[in-house]
Amino acid sequence: MRSALGGGLGLQLELHFSAMQKTMDPYDAPESTPRQHPSCSLKEYFLAATPLQRRLESVRKQATSFVPTPPRRRIPQRSQLQEDVDPQKVAFLLHKQWTLYSLTPLYKFSYTNLKEYSRLLSAFITAEKQKGLAVEVGEDCNIKVVFSTLLGVKGTQSDPEAVLVQILSKPQLPSEDREAKALWTGWFCCVFGDGLLETVSEDFTCLPLFLANGAESNTAIIGTWFQKTFDCYFSPLAINAFNLSWMAAMWTACKMDRYVAATEFLWSVPCSPQSLDISYAIHPEDAKALWDSVHRTPGEVTQEEVDLFMDCLSSHFYRHFRIHLSATRLVRVSTSVASAHTDGKIKIICHKYLIGVLAYLTELAIFQIE
Amino acid sequence: MHAVMMPQKTGKNYQAQNRPSQGSSSYQTNLSACEVKQKPSDSKENNPMQDDEHADDQDGDVLQIAMEYFEKDPIRSLRSKDKILEKHLITVENVAWKNGLAPETIDILLNVALSGRFGNAVNTRILKCLIPATLISEDSVVKAVSWLCVGKCSGSTKVLFYRWLIAMFDFIDHKEQINLLYGFFFASLQDDVLCPYVCHLLYLLTKKENVKPFRVRKLLDLQAKMGMQPHLQALLSVYKFFVPTLISVSLPVRKKIYFKNSENLWKTALLAVRQRNQGLCPEPRKLMLGPANIRPLKRKWNSHSIIPVLNSSSHTTECGKKEMNLSEYLSSSGSLPLEQLQRFPQLLENIHCLELPSQMGSVLNNSLLLHYINCIRDESVLLRLYHWLSQTLQEECVWYKVNNYENGKEFASFLDTIIRAESFLHEGFYSCEAFLYKSLPLWDGFCCRSQVLQLVSWIPFNNFSEMKPLLFDHLAHLFFTSTIYFKCSIIESLKELLQNWLLWLSKDIHVKPVTDSPLDTSLCESMNSVFKLVHYVGWLSTIGMRLESNSTFLMHFILDFFETACDIYLIYNLPLVVLFPRAIFYSALFTLDASILNQLCYIMHRYHKNLTAAKKNELIQKAKSKLSFSSKTYKEFNCCLTTMVGCLWTSKPFKKGIRFSPETLEKLGVEEHKRSLNLVYHSSLLGYAVSFLLQETPEEKTINLSSIQVLYVQQ
């Protein structure tokens with residue numbers, strides 16, 4: 001089913017947006033007076049405001065909600081990339097489908113050792129692929145692992161540099177001049193991750209968002225190596241419908257010079273034997289017009305605006321097709337900025353808003369590891 | 001009056017049970033004792049234990065006989081083969097596959113199999129069932145190899161022996177002696193049939209000093225003769241690895257699988273042995289907290305076990321000295337790798353140079369390291385554990401995600417491991433607290449119930465008001481909507497929680513003097529939290545009793561809780577006395593069950609002691625301490641006490657404390673309401689009064705209860 005939302009998008013604001021599921025109010029903790037903790041060994045650290053304590057405090061605060069709770073977020077601004085960014089590398093991140101993971105802080109990760117890590121990881125991969133045989137570190141094999149930094153892919157100065165890991169296949173014959181082909185790519189980043197940074201000590205590097213592209217078996221091997229080497233923990237990062245709606249609203253709100261794709265939503269109807277998908281495509285300018293009509297606070301997106309925006313879309317759909325989209329599940333959102341799938345897959349299209357998209361993803365990743 | 005107040009408890013020694021130094025749950029172990037005895041129930045939880053042990057005993061006896069047969073009668077056994085031999089063989093096989101064989105047994109059987117006393121078929125059967133319970137002694141292997149030289153066993157037996165040796169290589173306790181036989185093994189390469197297996201063995205055995213020019217020449221000769229054999233290449237590549245200068249032949253970069261999987265025969269058995277050996281060596285096994293959990297390869301990533309395997313940290317060596325190659329790395333010494341840490345004294349000696357595990361989660365299965373992380377003061381260690389545990393709990397939690405229920409058992413055993421560690425440390429993990437906050441609202445109250453409730457009882461001490469909306473409110477919902485058994489378990493785990501909190505707090509108060517004022521305020525806050533916890537349980541109990549129509553069963557659990565709560569001042573030395581709610585007092589006082597009344601009297605007695613002691617101390621150090629007990633508590637207690645005495649003893653109920661107007665009592669239509677609640681007529685004691693009278697005057701047909709009081713007065 002496809003519906004092209006025509007120009008007749010009369011502003012149907014007579015909506016029942018109470019029907020939208022509201023999130024639980026966060027439990028607002030009473031005044032957080034510093035507490036005296038009894039002096040068992042673990043507890044002694046809590047006398048001072050140690051990272052672990054700050055961590056726990058934040059967990060207590062958000063424990064009652066199941067979605068990140070700020071009621072308002074900034075609309076991604078025009079390029080916030082730092083100046084030292086390598087355009088080639090950034091271009092490399094765009095137009096690829098990335099699988100998202102959240103990652104706990106890396107212990108004793110050092111930016112000066114990237115070469116060493118390349119060597120060790122490639123030995124590890126070789127060893128994993130030929131289980132049971134001793135492999136010498138640095139021995140020649142037909143793959144090559146490259147660690148590098150993605151300069152400038154960060155929100156603030158305090159965010160750590162993003163790290164790119166690539167597995168390249170080596171040409172079989174040395175005489176061959178072909179460029180090495182990337183078999184697998186993954187990158188770690190942290191964009192506006194201040195909240196998390198505050199809660200760890202300097203032994204840790206916070207790169208809570210991990211994006212991978214390539215065979216999952218490779219992701220598994222590399223993830224295992226990271227877990228073993230830096231005592232961190234990867235978990236797949238799914239995006240629920242609530243967050244997808246936020247993405248839809250925030251990305252629609254972005255100012256674009258030129259739209260390259262339609263704004264498209266995919267709703268899934270759970271029915272047997274096969275689930276039914278409803279694709280709902282809108283001309284991006286119409287979507288923007290709708291957004292402008294519900295949008296009040298300049299520069300910001302609020303929960304109410306998100307709800308209203310989505311409600312408008314579904315009521316329009318109901319008018320044409322008599323189907324309540326609110327009874328189905330939003331599984332994918334694609335816009336000219338980026339597209340995201342509920343399984344935790346993302347494709348970033350617009351160079352300008354790369355940082356903005358990453359900031360929200362970082363927020364989701366941090367929420368998951370807290 | 002005191003005679004009434006002090007009915008001593010029978011059966012249990014409550015004093016001892018409530019003392020702080022005593023553990024509260026059965027899991028708790030004494031931290032200082034390094035010889036923690038592992039309960040048999042820990043290792044095989046679900047088995048009908050006694051039957052199993054019995055069967056094991058029997059197996060042991062039969063095996064003993066079988067061993068004597070194999071060991072002692074070489075001549076006779078040759079003659080009277082079949083039946084007896086068959087019987088004994090079957091015994092050995094059964095035991096071997098079930099529990100594995102002890103090193104001595106393996107020694108004897110290896111001897112038998114290779115000495116050529118029996119035919120090939122028997123030897124094969126014996127070799128196939130040589131599965132170690134834990135380890136194989138090196139001596140047995142050396143002896144076995146010496147049989148190979150005698151030439152009494154057939155080629156196929158030799159092959160099987162080599163295959164066995166390769167499969168079991170990791171379970172041999174030492175390898176120095178075996179390595180001395182390197183030359184012998186190397187010479188066996190000439191045997192075409194044995195060659196692949198010997199190569200594999202040498203591949204495992206080779207050290208740098210074994211690589212000699214003459215051996216390289218020999219290998220190259222063999223290669224020239226037999227062509228490019230993968231097993232020869234493997235051995236050559238090891239040689240080249242150790243001494244690259246000696247071997248100039250180029251070996252293919254791309255590796256094939258060098259050896260056919262020769263362990264196939266013992267694959268399942270090996271898994272079992274590894275599982276048994278997860279404690280690494282037999283001696284510290286009792287120190288290990290519990291059974292290792294090996295999981296099927298379900299997860300795509302995190303290998304087969306939720307808890308990572310213990311590995312020394314790689315940070316210092318790998319990243320510090322960049323130019324170190326693998327062989328140097330292997331021979332490096334200095335700090336003690338965790339894999340070698342097996343005993344408590346070792347931990348003490350090396351505590352300054354211990355390498356931390358590369359994945360902190362692995363400490364959960366290792367009690368020595370739990371000791372260690374308990375005493376080090378390194379924030380990052382705790383943070384690593386915190387992150388790992390939080391994420392793992394979140395990922396594994398079966399009710400946190402949809403359709404994840406097939407992993408229920410696994411998750412339960414993971415939680416068991418955590419709880420064992422917490423009990424061992426006498427301390428809860430913060431990750432578990434955070435996990436409960438997140439997951440309890442979604443919990444069905446059924447899945448992993450006992451584990452979740454135990455986690456609740458290990459929540460670290462905290463501000464109660466902050467925790468209430470996160471945890472206790474959800475618990476209350478579950479409490480009100482669940483069966484009586486669940487209610488009882490909740491009350492019980494809250495009792496354990498209270499005990500744990502009191503232990504922490506009492507330990508805390510002993511560490512610091514109670515003089516400076518800022519601490520006093522924090523002590524007040526802490527006491528306030530405990531007060532609120534007791535109050536909360538009182539509230540739960542009151543409503544619970546109403547919902548369960550005054551069930552005696554539930555009442556027992558409630559009174560158990562208040563037995564802890566009433567003794568806070570004296571036993572835990574903390575300045576707090578919280579009374580139980582009136583509703584609980586009355587329903588316990590007017591109970592139909594004598595044991596409840598007994599327990600109530602005991603609690604009242606302890607309250608009395610605590611309050612008296614508190615009053616006394618207050619008079620002494622009134623100026624010093626800001627903590628005073630409100631007079632309301634005393635009034636409340638006195639009121640309860642008068643009511644109780646009035647009912648049970650002086651037969652003047654409802655005069656003081658609880659009061660009824662005479663009209664109300666008249667309306668109730670109870671004759672003799674005054675004495676109907678005293679010791680003789682009390683509903684829970686009536687039976688005892690009757691049986692007392694029947695004992696005194698068995699011939700009497702009609703019983704006059706009031707005669708007891710007359711008797712008593714007369715005496």
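All chains are named by letter (A, B, ...) in the order of the sequence lines, taking the proteins before the strands, and each is independently numbered beginning at 1.
The greatest number of non-hydrogen atom pairs below 4.5 Å with chain B, out of C232(A), S110(A), S235(A), is found for S235(A). Of the listed residues G361(B), S390(B), S380(B), the one with more heavy-atom pairs under 4.5 angstrom with chain A than any other is S380(B).
Ring geometry for W225(A) against F124(A) counts as tilted: the plane angle lies between 30° and 60°, on a 0 to 90° scale. Between F230(A) and F226(A), the two ring planes are tilted [angle within 30° to 60°].
Ring centers of Y117(A) and F109(A): under 6.0 Å apart, within the cut-off.
Contact of Q368(A) with chain B is made through backbone and side chain together, with heavy-atom distances under 4.5 Å. Residue S102(A) touches chain B through its side chain alone, counting heavy-atom pairs closer than 4.5 Å.
In this structure, a donor-acceptor pair under 3.5 Å is absent between the side chains of T104(A) and W388(B).
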